[in-house]
Amino acid sequence: MSEQARKTAEALEYLTGFGNEHSSEAVPGALPSGRNSPQRAPLGLYAEQLSGSAFTEPRKHNRRSWLYRIRPSAAHPPFTRIDNGSLRTAPFTEAPADPNRLRWNPLPDPAPGTDFLAGLWTLGGNGDAAQRTGIAIHLYSANADMTDRVFSDSDGELLIVPERGGLLLRTELGLLAARPGEVALIPRGVRFRVELLDDTARGYVCENYGRPFELPDLGPIGANGLANARDFRAPVAAYEDADRPTEVVNKFCGNLWSATYDHSPLDVVAWYGTHTPYVYDLRRFNVLGSISYDHPDPSIFTVLTSPSDTPGLAGVDFVVFAPRWLVGEDTFRPPYFHRNVMSEYMGLIEGSYDAKAEGFVPGGGSLHNMMSAHGPDRETFDRASAAELKPQKIDDGLAFMFETRWPITATAQAAGAEHLQRAYDDVWEGLERHFRA
């Protein structure tokens with residue numbers, strides 16, 4: 001952990017608004033006026049477009065940013081394959097898809113000197129990265145900064161959910177700080193380096209191979225609610241002018257590739273566009289729910305969605321269970337028992353989750369694949385069935401869910417992990433028969 005990184009994070013400024021056409025320059029005059037690629041870019045910079053979507057996708061889905069940098073990205077030596085470590089990519093074929101309910105304790109602490117990239121550990125996923133469909137679910141555990149190396153993911157965008165310890169993310173477009181309770185979104189192909197704001201860091205990552213995350217439509221909710229676009233913060237331009245060897249690691253079609261540059265590629269002096277990193281504070285989520293009866297479907301808690309070719313059926317939804325009031329009358333207030341066509345991976349950032357009395361801890365996670373029966377454990381059911389139904393504030397936990405249209409296949413390392421809870425089914429034991437004819 002660097003004290004300088006912490007001071008840098010505390011002093012950061014941001015641009016605001018999800019999906020905006022942002023623009024920023026670290027040096028006045030670095031952004032050209034009236035054109036994207038003038039014959040001579042200002043200040044001797046190179047103009048370069050980074051496209052996160054096909055050129056001809058509809059305007060509302062098109063993602064691209066123009067970067068004005070000290071050296072073009074094309075100036076690099078060949079990449080060579082390196083070991084993938086504990087990182088895996090779809091299609092996931094190491095083990096069969098499992099209909100059983102699964103739950104894991106947090107990752108074990110890593111070996112000393114483990115940075116964010118080395119500390120990535122894949123739990124599972126679905127789809128096919130080369131076909132740009134599906135997701136991967138990773139966890140990370142780190143105790144060292146990424147020093148003189150940067151990472152980029154050609155397979156998908158990365159939604160980073162810190163659970164323990166803050167992160168300083170130095171990206172091509174500028175700097176972001178993400179602490180527990182916040183999430184960071186790194187677009188496909190954007191290079192970044194991770195420095196720790198605390199001695200250790202731990203959390204979750206959703207690697208989205210499909211369409212980029214966007215804010216969900218609000219429908220009958222109206223114009224306001226859920227995650228407000230203005231609460232998403234994008235970086236201001238900040239560049240490194242460093243002529244020293246830097247390892248650049250690229251994840252491409254499931255494998256890690258490395259090249260050593262003679263300079264830092266985080267050398268963008270100015271930029272503008274829509275292919276942009278963000279950080280978002282989950283506590284700013286505007287929770288909507290029932291003020292009469294019944295627990296709403298979890299889709300009402302969607303922060304971001306990656307749409308598929310079927311309306312309403314997401315490649316992945318990112319859902320947060322943020323602090324909220326429960327006021328339903330004659331209502332079983334925790335999440336109800338259900339089976340779902342979607343597959344759900346749930347993680348816990350802090351505190352406890354109102355549907356589980358024990359065993360579900362911060363840093364851990366549960367997997368309920370499509371049509372697997374799940375819901376409150378026995379202790380929660382008994383307590384909620386007998387509770388006095390007065391207004392209740394849920395503010396002692398922060399949980400989230402990656403929900404996806406396809407089954408999630410666990411990796412072999414996840415299916416055989418020592419921190420897999422092998423008696424997870426026991427939490428539903430003792431749900432007695434109460435039927436009386």
Side-chain angles (χ1 to χ4, degrees), residues 52-54 57-58 60-61 63 88-103 122-139 153 155-161 183 185 187-188 204-219 221 226-227 253-254 296-321 335-347 365-375 399-411 414-415:
S53 59
E57 288 191 46
K60 66 178 181 179
H61 298 309
R63 304 285 182 93
R88 302 290 183 268
T89 300
F92 292 97
T93 58
E94 298 175 340
D98 193 335
N100 286 297
R101 302 160 300 198
L102 304 172
R103 190 163 71 180
T122 306
L123 181 138
N126 54 37
D128 188 328
Q131 299 297 317
R132 298 209 295 272
T133 60
I135 66 167
I137 298 168
H138 313 289
L139 292 91
D153 192 334
D155 292 339
E157 63 181 343
L158 300 174
L159 181 66
I160 302 171
V161 185
V183 296
L185 183 61
R188 185 192 300 264
Y204 311 83
V205 179
C206 178
E207 183 182 16
N208 174 27
Y209 308 133
R211 266 182 44 188
F213 277 116
E214 60 187 54
L215 296 178
D217 289 331
L218 296 178
I221 291 172
L226 309 186
C253 290
D297 291 334
S299 51
I300 200 70
F301 305 119
T302 300
V303 181
L304 294 166
T305 184
S306 171
S308 73
D309 53 3
T310 303
L313 188 61
V316 58
D317 284 332
F318 174 59
V319 175
V320 63
F321 302 100
Y336 43 76
F337 293 105
H338 67 290
R339 293 178 293 163
N340 188 4
V341 72
M342 303 288 276
S343 297
E344 306 171 357
Y345 174 81
M346 179 171 285
S366 62
L367 173 59
H368 301 145
N369 261 321
M370 64 175 186
M371 294 303 173
S372 68
H374 58 285
F400 73 89
M401 187 164 65
F402 302 142
E403 187 176 60
T404 172
R405 66 181 296 185
W406 295 287
I408 296 169
T409 301
T411 59

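All values derive from a computational prediction rather than experimental measurement.
Of the inter-residue distances, the one linking Ile135 atom CD1 with Asp317 atom CG reads 10.0 Å to the nearest 0.5 angstrom. Atom SG of Cys206 sits about 6.5 Å away from atom CD1 of Ile137, to the nearest 0.5 Å. Separating the NE2 atom in His374 from the CZ atom in Phe337 is a distance of 11.0 Å, to the nearest 0.5 Å.
Judged by distance alone, with hydrogens and angles left aside, the side-chain atoms of His368 form no donor-acceptor pair with the main-chain N or O of Ser366 at under 3.5 Å. With Asp155 contributing its side chain and Gly254 its backbone, the two residues share a donor-acceptor pair below 3.5 Å. For Arg188 (side chain) and Tyr209 (main-chain N/O), a donor-acceptor pair under 3.5 Å exists by modelled atom type. With Asn340 contributing its side chain and Met342 its backbone, the two residues share a donor-acceptor pair below 3.5 Å. The backbone N or O of Gly210 sits nowhere less than 3.5 Å from a side-chain atom of Ser306 that would complete a donor-acceptor pair. Between the Asp297 side chain and the Ser299 main chain, no donor and acceptor come within less than 3.5 Å of each other. Using modelled atom types, one side-chain atom of Ser308 and one backbone atom of Leu313 make a donor-acceptor pair closer than 3.5 Å.
For CG of Asn100, the number of neighbouring non-hydrogen atoms (other residues, nucleotides, ligands) closer than 6.0 Å is greater than 12. When the shell of 6.0 Å around CZ of Arg101 is examined, it contains more than 12 heavy atoms from other residues, nucleotides or ligands.
His338 has its side chain within reach of Glu344: a pair of non-hydrogen atoms, C-beta onward, lies under 4.5 Å apart. No side-chain heavy atom of Asn208 sits less than 4.5 Å from a side-chain heavy atom of Leu159. With a 4.5 Å cut-off on side-chain heavy atoms, Phe402 and Ile408 do not count as touching. Residues Val316 and Glu403 have side chains not in contact (no heavy-atom distance under 4.5 Å, counting atoms from C-beta outward). Side-chain contact between Val319 and Val303: absent, with no pair of heavy atoms (C-beta onward) separated by less than 4.5 Å. Side-chain contact check for Glu214 versus His61: some heavy-atom pair is nearer than 4.5 Å.
Aromatic ring orientation, Phe318 versus Phe400: tilted (interplanar angle from 30° to 60°).
Inspection of the Thr133 and Asp128 side chains reveals no N or O donor paired with an N or O acceptor under 3.5 Å.
What you find for Gly156 and Glu207 is that their closest heavy atoms are N-OE2, 4.3 Å. Residues Trp406 and Gly315 approach most closely at CZ3-CA, 4.1 Å, considering heavy atoms. A pairwise comparison of heavy atoms in Asn369 and Ser343 identifies OD1-OG, 3.2 Å as the closest pair. In terms of heavy-atom proximity, Phe213 sits nearest to Arg63 at O-NH2, 2.8 Å. The heavy-atom pair separating Leu226 from Pro216 by the smallest distance is CD1-CG, 4.3 Å. The two residues Thr310 and Arg405 have their closest heavy-atom pair at OG1-NH2, 3.9 Å.
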Intermediate values then yes/no, side chain to side chain contact (heavy atoms under 4.5 Å, CB included), Leu215 and Leu304
CA-CA 5 Å; Leu215 296 178; Leu304 294 166; 3.8 Å; yes
Side chain to side chain contact (heavy atoms under 4.5 Å, CB included) between Met371 and Val341, worked out:
CA-CA 6 Å; Met371 294 303 173; Val341 72; 4.1 Å; yes
For Thr411 and Phe92, what are the C-alpha separation, side-chain angles and deciding distance, and is it a side chain to side chain contact (heavy atoms under 4.5 Å, CB included)?
CA-CA 7 Å; Thr411 59; Phe92 292 97; 3.9 Å; yes
Stepwise, does the side chain to side chain contact (heavy atoms under 4.5 Å, CB included) test hold for Thr409 with Asn126?
CA-CA 6 Å; Thr409 301; Asn126 54 37; 5.9 Å; no
